[in-house]
There are 2 protein chains.
Amino acid sequence: MAKYIKIAEEIRERIVTGVYPVDKALPDQINLAKEFQTSRVTVKKSLELLAVEGLVYSKQGSGTYVRKNALQMSKLDNQLDEYVGVAHQLADRSSIASQILKFDVRFPNELECEKLLIDKTQPVYDIVRLRFVDDEPFLIEHTVMPVHVIPGISEEILTKSIYEYIKGELGLKFGGANRHIRADKPNELDRMYLECEIADPVLEIDQVVYLTNGVPFEYSQSRHRYDKGDVLVVNIKSV
Amino acid sequence: MAKYIKIAEEIRERIVTGVYPVDKALPDQINLAKEFQTSRVTVKKSLELLAVEGLVYSKQGSGTYVRKNALQMSKLDNQLDEYVGVAHQLADRSSIASQILKFDVRFPNELECEKLLIDKTQPVYDIVRLRFVDDEPFLIEHTVMPVHVIPGISEEILTKSIYEYIKGELGLKFGGANRHIRADKPNELDRMYLECEIADPVLEIDQVVYLTNGVPFEYSQSRHRYDKGDVLVVNIKSV
DNA sequence: GAGTGGTCTAGACCACTAG
DNA sequence: TAGTGGTCTAGACCACTCC
């Protein structure tokens, strides 16, 4: 484990336990460097980590301070690391099940080519899944994935986790996503499978998910019951 | 302007113009350092900037590569810098107007105290605004702000931009936000002011906005017409 | 084993804040 | 003006990838 990460952990611990109180300055970088038997550059790197997490902020010429909302931020971080779509947010506290409504291979349409950065000749999986939380329908998800990027998908994998398969079997890493979030009226499928009334809105999330090398591997549209969960977005400016 | 930022700009330019092609490795850090007459550490810092933007990724022992979706990412970035709530997303291409429905000062309730990290004795502004894009109602926003954090709010400021006032007059900086996004059925106000039909869903965004020092200065709930705009969330993993 | 990125150092100078 | 963070250097060693 890198030294600057260990130091960041120690400082984070001191913040959440109140050794470094909220709204007050930390010891300056030179003294922290002395204490941790390291160079100032390394200490600075640790503080940058904590700044990205929203725990501290630095003011040139003045000092590095604990942010007033530091304690709240430290709670959020665990959730963030695990965040993949919305389904995962609930993984801890509930049982999740999947029902496969459709699993096909076909050629992509124009929009899918554009989103997935592929051409018309490259086949894609066409998957529709219904997800349950504690036996109640929660979301319906339409996923399109390029076969050549994620080969070997089977129904068995779909009932478990695609992300686990990509990480474990294929050795690829999730690298980010762009999501569009909007509200919509329920359509036929929503009413049938999510058991929506005609006046029940749905929350729609359109996303393109990328591997670390920027190759898109999933373009999906998921539609959620409006009364089951929401989307949390945390945003910290670094400048 | 710091050298590492200039170098990042030059490399970004080379990526978007195709000098460094997508999916290929950049020159290694030592050679980039030579070219830019600098040290390897400085080059690395430039590459880290570009990695955060989603343009490149580095693989220890192998090289630094242009991400396949780099060109799409470079388009998104401009939008992101300007992102403050949802209203701003539209600022460029349309005329925005505000109508003040309510502007009061009162004591906060328990939830507001918790969100804004204040106690019951500290008064808050209680503001309700209706926003129009090109003369059509677009969102209705209920904002609560602590008076002692943002003093001197007037109706005139509200019709313009609170953020401009905070930055310009008070010299404070916006430092981040936590948002919860969900879909909901329209309530009385939505139907009256947003001109929603009873079956029209609304997109609700609950947010706490912070200054750079972590002091919450706004707790707001905005409700949007489902057919006018959505929320874009970009997420790049750095690990 | 050669090449590449990741980390770390010790010291320097600059830019900014605050009294 | 003193103190603090921001940047930069030149060199070193380590960890990892890939041939």
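Letters A, B, ... mirror the listed sequences (proteins, then strands); counts begin at 1.
Partners of A:Lys115 under the salt bridge (Lys or Arg N to Asp or Glu O under 4.0 Å) rule, at least two apart in sequence or in another chain, do not exist in this structure. Judged as a ring pair (Phe, Tyr, Trp, His ring centres under 6.0 Å), and not counting sequence neighbours, the contacts of B:Tyr65 are B:Tyr57.
Along DNA chain C, the nucleotide closest to A:Ser62 and the one closest to B:Leu26 are compared, and the more 5′ of them pairs with B:Leu26.
The separation between A:Asp28 atom CG and D:dA2 atom P is 17 Å, rounded to whole Å. C:dG11 atom C1' lies 11 Å from atom CD1 of A:Ile30, rounded to whole Å. The interatomic distance linking A:Lys34 (NZ) with C:dA10 (C1') rounds to 14 Å, in whole Å. Rounded to whole Å, atom P of C:dC16 lies 11 Å from atom NZ of B:Lys173. To the nearest angstrom, P of C:dT17 lies 13 Å from OH of A:Tyr57.
Screening residues 58-70 of chain A for salt bridge (Lys or Arg N to Asp or Glu O under 4.0 Å) gives no qualifying pairs among residues at least two apart or on separate chains. Applying the side-chain hydrogen bond (donor to acceptor under 3.5 Å, both in side chains) rule to pairs touching residues 21-30 of chain A yields A:Asp28-A:Asn31, A:Gln29-A:Arg40, sequence neighbours excluded.
Tested against A:Val66, the residues A:Ile11, A:Ile15, A:Leu55 include a single side-chain contact (heavy atoms from CB on, under 4.5 Å) partner, A:Ile15.
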Atom pairs under 3.5 Å, N or O on each side, protein against nucleotides 6-8 of chain D: can you list them with distances?
unit_1, atom_1, unit_2, atom_2, d
D:dG6, N7, A:Arg40, NH1, 3.4
D:dG6, N7, A:Arg40, NH2, 3.2
D:dG6, O6, A:Arg40, NH2, 2.5
D:dT7, OP1, B:Tyr4, OH, 3.0
D:dT7, OP2, B:Lys45, NZ, 3.2
D:dT7, O4, A:Arg40, NH2, 3.3
D:dC8, OP1, B:Lys3, N, 2.3
D:dC8, OP2, B:Tyr4, N, 3.3

Under 3.5 Å for both distances, Watson-Crick or G-U wobble, that's the pair rule; now give the dot-bracket for DNA chain C, with | marking pairs to another strand and [ ] for crossing ones. ||||||||||||||||||.
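Using a 4.0 Å cut-off between charged side-chain N and carboxylate O, B:Glu10 and B:Lys3 make no salt bridge. Taking 4.0 Å as the cut-off between side-chain N and carboxylate O, A:Arg179 and A:Asp206 do not count as a salt-bridged pair.
No side-chain donor from either of B:Glu141 and B:Gln221 sits under 3.5 Å from a side-chain acceptor of the other.
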